[in-house]
Amino acid sequence: MQGYEDGSYFLPQRNITRAQVATLIYRAATSDVEDDQTGLFTDWKQFDDVHADDWFAGYVNYCGNAELIKGFTPDTFGPNKNVTGYQVLAMILRAVGYDANDEFTGTGWEIRTASTAKGIGLLKNVQDTTLGQPATRELVAELIFQALNAKMVKYTPALGYVTLDKTLGTQEFNLENKGADNDD
């Protein structure tokens with residue numbers, strides 16, 4: 001995550017948009033933190049409200065096509081709308097390998113999303129009451145940090161979700177967690 005182009009700081013309490021979160025999910029899921037590859041995805045038309053010349057087109061289109069994000073409808077993403085904590089969790093959990101059966105859609109998706117996130121440790125430093133509100137930059141930073149350290153999963157029809165021996169952080173960034181006090 002970066003500060004703002006106008007030279008302002010990180011602004012942790014500022015709300016974050018759906019397009020901004022898609023950008024962060026793209027970077028975490030692809031390790032393309034320099035955004036060298038986003039131009040490849042600007043024309044991957046996924047949502048009617050994302051156009052090839054939008055700054056976020058490559059990020060949103062990649063994430064939409066990889067099924068890491070979903071729109072409000074099949075055709076609209078709402079890139080400039082504030083994102084809720086629950087929506088952020090669903091996006092992050094998809095990057096880790098969950099939602100193979102669309103369990104984060106339909107009635108009660110928020111409860112299933114929060115329950116899954118809590119079960120794998122994403123909510124260690126998060127108050128549950130904040131999840132239904134517009135997400136702040138600091139909340140999203142915390143959730144992505146926890147997701148980089150969470151074990152990835154793969155879904156198989158016979159066994160359901162199987163925990164893999166790697167994290168998103170090890171897969172994409174070669175991060176190695178040597179314990180609570182030693183992150184390399």
Side-chain angles (χ1 to χ4, degrees), residues 1 12-31 46-47 59-60 62-74 76-79 81-173 175 177 179-180 183:
M1 294 182 78
Q13 296 299 316
R14 184 173 280 181
N15 291 342
I16 192 166
T17 66
R18 291 172 56 80
Q20 290 169 328
V21 172
T23 301
L24 298 172
I25 298 294
Y26 166 84
R27 290 175 179 159
T30 66
S31 70
Q46 178 74 20
F47 301 107
Y59 308 108
V60 172
Y62 173 86
C63 290
N65 281 284
E67 297 184 1
L68 302 178
I69 61 173
K70 295 193 178 184
F72 289 106
T73 70
T76 60
F77 179 65
K81 293 181 182 228
N82 286 336
V83 64
T84 68
Y86 288 118
Q87 292 168 342
V88 173
L89 281 176
M91 294 177 198
I92 290 171
L93 287 168
R94 288 184 192 110
V96 175
Y98 289 95
D99 201 29
N101 292 315
D102 289 329
E103 58 263 31
F104 303 148
T105 57
T107 305
W109 72 270
E110 295 97 338
I111 294 169
R112 291 187 297 277
T113 301
S115 176
T116 302
K118 188 170 186 140
I120 64 169
L122 295 188
L123 300 179
K124 290 178 190 175
N125 301 317
V126 176
Q127 294 178 343
D128 293 343
T129 58
T130 63
L131 296 177
Q133 301 171 13
T136 61
R137 291 170 55 85
E138 70 181 342
L139 173 65
V140 174
E142 172 64 23
L143 293 174
I144 289 176
F145 173 76
Q146 294 298 338
L148 289 173
N149 291 304
K151 295 278 187 181
M152 296 186 71
V153 297
K154 180 177 181 168
Y155 180 81
T156 63
L159 301 173
Y161 288 107
V162 176
T163 303
L164 303 177
D165 202 24
K166 62 183 174 181
T167 67
L168 195 58
T170 57
Q171 176 178 293
E172 296 301 327
F173 299 100
L175 298 177
N177 188 336
D183 286 338

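Because the structure is a prediction, the values reported are computed rather than measured.
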- Any side-chain heavy atom of R27 sitting closer than 4.5 Å to one from Y59? yes
- Query: Roughly how far apart are F104 CZ and T113 OG1, rounded to 0.5 Å?
  - Reply: 4.5 Å
- Matching residue for V153 among I120, V162, T163 - test: side chain to side chain contact (heavy atoms under 4.5 Å, CB included): T163
- Query: What class does the angle between the rings of Y161 and Y155 fall in, given that below 30° is parallel, 30 to 60° is tilted and above 60° is perpendicular?
  - Reply: perpendicular
- Query: Would one find more than 12 heavy atoms of other residues, nucleotides or ligands at under 6.0 Å from atom CD of Q171?
  - Reply: yes
- Note on the structure: Applied to residues 145-162, the salt bridge (charged side-chain N to carboxylate O under 4.0 Å, His left out) test, sequence neighbours excluded, yields K151-D165
- Do you know the tightest heavy-atom contact between V126 and T130? CG1-OG1, 3.8 Å
- What is the minimum heavy-atom distance between Q87 and F72, and which atoms define it? NE2-CE2, 3.8 Å
- Query: If you round to the nearest 0.5 Å, how far is OG1 of T116 from CG of L122?
  - Reply: 9.5 Å
- First locate atom CZ of R112, then atom CG of L93, and finally report the distance between them rounded to the nearest 0.5 Å. 12.5 Å
- Item | pair L131-T84: side-chain heavy atoms closer than 4.5 Å | no
- Note on the structure: Heavy atoms of A28 and L168 approach each other most closely as O-CG, 3.8 Å
- Decide yes or no for V88 and L139: does some side-chain heavy atom of the first lie under 4.5 Å from some side-chain heavy atom of the second? no
- Item | Least distance between heavy atoms, A135 atom then V140 atom | CB-CG2, 4.0 Å
- Does a side-chain heavy-atom distance below 4.5 Å link L143 with L123? yes
- Considering all heavy atoms of both residues, which atom of D102 and which atom of K70 are nearest to each other, and what is their separation? OD1-NZ, 2.5 Å
- Task: Show your working on side-chain contact (heavy atoms from CB on, under 4.5 Å) between I16 and L24 and close with a plain yes or no.
- Result: CA-CA 11 Å; I16 192 166; L24 298 172; 4.0 Å; yes
- Query: Measuring from I69:CD1 to F77:CZ, what's the distance to the nearest 0.5 Å?
  - Reply: 3.5 Å
- Item | Results of salt bridge (charged side-chain N to carboxylate O under 4.0 Å, His left out) for R94 - residues two or more places apart only | D99
- Is the closest side-chain heavy-atom distance between F145 and N125 below 4.5 Å? no
- Is there side-chain contact between R18 and V83, with at least one heavy-atom pair below 4.5 Å? yes
- Message: Students often mix this up, so state it plainly: with edges at 30° and 60°, are the rings of Y62 and Y26 parallel, tilted or perpendicular?
- Response: perpendicular
- Message: Please check: side-chain N/O of E138 versus main-chain N/O of T136, any donor-acceptor pairing under 3.5 Å?
- Response: no
- Query: How long is the span from the OH atom in Y98 to the CE atom in M152, to the nearest 0.5 Å?
  - Reply: 10.5 Å
- Task: Grab the two heavy atoms, one from S31 and one from E172, that are nearest each other, plus how far apart they are.
- Result: CB-O, 3.0 Å
